[in-house]
Protein chains: 2
Amino acid sequence: MTIRVVIADDHAMIRAGLRLVAENAPGVDVVGEAADGVAAVAVTRRERPDVLLLDIAMPRLDGLAAATTLLANPAPPRIVMLTTFGSDENLHAALRTGVSGFLLKSSPPEHLVEAVRVAAAGDGMIDPAVTLRVIASFAAQPLSPPPELDTLTPRELDVLRLLTRGLSNREIATEAGISEATIRGHVAQVLRKLGVRDRLQAVVFAYESGFVRPGRP
Amino acid sequence: MTIRVVIADDHAMIRAGLRLVAENAPGVDVVGEAADGVAAVAVTRRERPDVLLLDIAMPRLDGLAAATTLLANPAPPRIVMLTTFGSDENLHAALRTGVSGFLLKSSPPEHLVEAVRVAAAGDGMIDPAVTLRVIASFAAQPLSPPPELDTLTPRELDVLRLLTRGLSNREIATEAGISEATIRGHVAQVLRKLGVRDRLQAVVFAYESGFVRPGRP
DNA sequence: GGTTCCCTCCGCCTGCCGGGGGAGGAGGCA
DNA sequence: TGCCTCCTCCCCCGGCAGGCGGAGGGAACC
């Protein structure tokens with residue numbers, strides 16, 4: 001029932017440190033090491049560990065690419081991504097690959113052990129230091145109620161909704177069952193109220209303001 | 001330096017359990033309780049705790065509304081949301097409010113204590129049991145690469161990106177530093193490859209496919 | 001009754017968009 | 001070398017979009 005772990009990092013010193021921390025934890029066994037992404041993939045395929053500790057920044061093949069490669073195969077290991085800097089690019093890119101954990105190297109050793117155990121159990125863990133940023137990426141949009149939208153009349157909101165479906169004035173007129181001339185008037189009004197130049201910018205505004213969201217008809 | 005905590009849950013039994021767990025942790029002090037959302041807001045405003053443990057499902061005012069209310073005020077407490085079921089609705093709704101933690105009641109007590117400490121420190125924690133779903137919500141869209149986008153050349157992708165900012169051909173030309181005629185050609189190509197009629201639908205496609213996302217420049 | 005807002009509709013006109021077709025240079029590949 | 005893709009640029013032309021001003025009917029409010 002031990003958790004078999006492979007460590008991938010290009011710095012020997014850090015590998016040693018990670019190994020020390022991991023092996024000091026009961027039930028955790030380090031079964032391999034790799035100093036770059038290509039080796040990480042090879043060692044992982046050979047050893048089939050439960051958990052792969054993967055540094056993002058590595059030569060030849062970076063951790064993101066290695067994770068993507070491994071996760072595309074059947075029965076991949078759980079991957080805990082390690083990084084020195086918790087930049088938004090690193091964070092989002094890592095989460096996108098579908099890793100089970102994301103940890104900063106500045107995290108206390110017990111977090112690392114916890115992340116390994118959690119990952120091995122099929123769950124996930126994100127470093128507390130960056131978790132708020134993950135949450136913020138959910139909260140960011142709906143917390144911005146664009147004041148301009150409030151001034152739109154119901155009819156104008158209808159028209160804006162239809163605009164975001166890529167319809168022409170004529171199509172909107174058909175859809176709404178009124179004349180195209182009326183739609184033109186509504187569209188002009190919407191553009192004026194939103195302070196945008198054309199229907200294209202109105203659609204961008206609608207998406208960016210959260211008035212419409214991708215994937216919801 | 002103790003962490004002052006308020007507990008809000010409509011079940012007295014659960015409040016007692018949470019209090020027991022929290023007070024058993026060194027440096028954590030429970031300074032108030034509430035049995036519904038309205039009381040939670042009132043107690044929180046009176047006690048000004050560092051951390052508020054907030055159940056989602058509560059009478060009068062649910063935890064989500066209470067969190068939204070409190071977080072809209074200046075100097076809000078850190079909020080750790082508690083829930084019995086880790087449904088996607090609960091999860092996303094909670095993260096949207098901007099809480100610092102999201103925990104299932106089925107989590108081990110030490111997770112609760114850890115979440116309180118992490119929240120008090122200004123960081124965030126998401127229950128390992130639902131973290132993978134959070135990660136998946138990042139991976140969900142980019143893992144569906146609409147085949148049409150693959151056929152676009154780098155230049156055409158640039159143009160599409162600029163299109164989604166609501167720019168005219170002339171503005172795109174200026175932005176890209178090439179002639180408008182060239183942009184017209186690229187746009188025509190993009191429309192053809194995406195199978196859409198005009199730039200408006202191309203922008204809608206870009207948003208709906210996840211090629212661009214609201215709120216990310 | 002007057003005012004205001006919303007919804008409906010009309011015509012005119014300028015300008016950009018998009019379709020069509022063509023063309024040349026740069027770079028990769030066999 | 002030939003072949004291909006990509007990027008660059010051009011012309012013509014029809015059509016829709018958007019700005020302009022105007023107008024009438026209905027509902028709500030004072």
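Just so we're on the same page: letters track the sequence lines, and every chain starts at 1.
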**Item:** Matching residue for A:E156 among A:R161, A:H186, A:K193 - test: side chain to side chain donor-acceptor pair (under 3.5 Å)
**Value:** A:K193
**Prompt:** Does B:N169 reach the main-chain N or O of B:I172 with its side chain, forming a donor-acceptor pair under 3.5 Å?
**Reply:** no
**Polar side-chain atom of A:D127 near backbone of A:L104 as donor-acceptor pair, under 3.5 Å** = yes
**Item:** Polar side-chain atom of A:R4 near backbone of A:R48 as donor-acceptor pair, under 3.5 Å
**Value:** yes
**Message:** To the closest 0.5 Å, what do you measure between CZ (B:F102) and OG1 (B:T97)?
**Reply:** 10.0 Å
**Beyond-backbone contact of A:L160 with A:L152, side-chain heavy atoms, under 4.5 angstrom** = yes
**Fill in**
5'-most to 3'-most nt of DNA chain D touching chain A (<4.0 Å, heavy-atom partner on protein side) reads D:dC16 to D:dG19
**Complete:** By nearest-nucleotide position on DNA chain D, the 5'-leaning member of A:R170 and A:V196 is A:R170
**Item:** Axis deviation across the helix from C:dG1-D:dC30 to C:dA30-D:dT1, five-pair ends, to the nearest 10°
**Value:** 40°
**Asked** Under a 4.0 Å N-O cut-off, is there an ion pair linking B:E175 with B:R165?
**Response** yes
**Complete:** Rounding to 0.5 Å, atoms CD1 (A:I126) and CG (A:L132) come to a distance of 11.0 Å
**Spacing of CD belonging to A:E114 relative to CG belonging to A:D123, to within rounding of 0.5 Å** = 10.0 Å
**Short side-chain to backbone donor-acceptor contact, B:R199 and B:L167, under 3.5 Å** = yes
**Request:** Run the numbers on A:D29 and A:T2 for side-chain hydrogen bond (donor to acceptor under 3.5 Å, both in side chains), then give the verdict.
**Result:** CA-CA 7 Å; A:D29 204 7; A:T2 65; 4.9 Å; no
**Message:** Under a 3.5 Å distance rule, please check whether B:D62 uses its side chain to pair with a backbone N or O of B:A65 as donor and acceptor.
**Reply:** yes
**Fill in**
Min and max contacting nt of DNA chain C in 5' to 3' order, chain A heavy atoms within under 4.0 angstrom, are C:dC6 to C:dC10
**Prompt:** Between residues 173-184 of chain B and DNA chain C, which residues have a heavy-atom gap below 4.0 Å?
**Reply:** B:E180, B:R184
**Prompt:** Within the side chain of B:S100, is there an N or O that forms a donor-acceptor pair under 3.5 Å with the backbone of B:A119?
**Reply:** no
**Item:** side-chain hydrogen bond (donor to acceptor under 3.5 Å, both in side chains) contacts touching residues 31-41 of chain A (sequence neighbours left out)
**Value:** A:R15-A:E33, A:R19-A:E33, A:D36-A:R60
**Asked** Which value, rounded to the nearest 0.5 Å, describes the distance between A:M13 atom CE and A:L18 atom CG?
**Response** 12.5 Å
**Those residues of residues 154-167 of chain A lying under 4.0 Å from DNA chain C by at least one heavy atom** = A:P154, A:R155
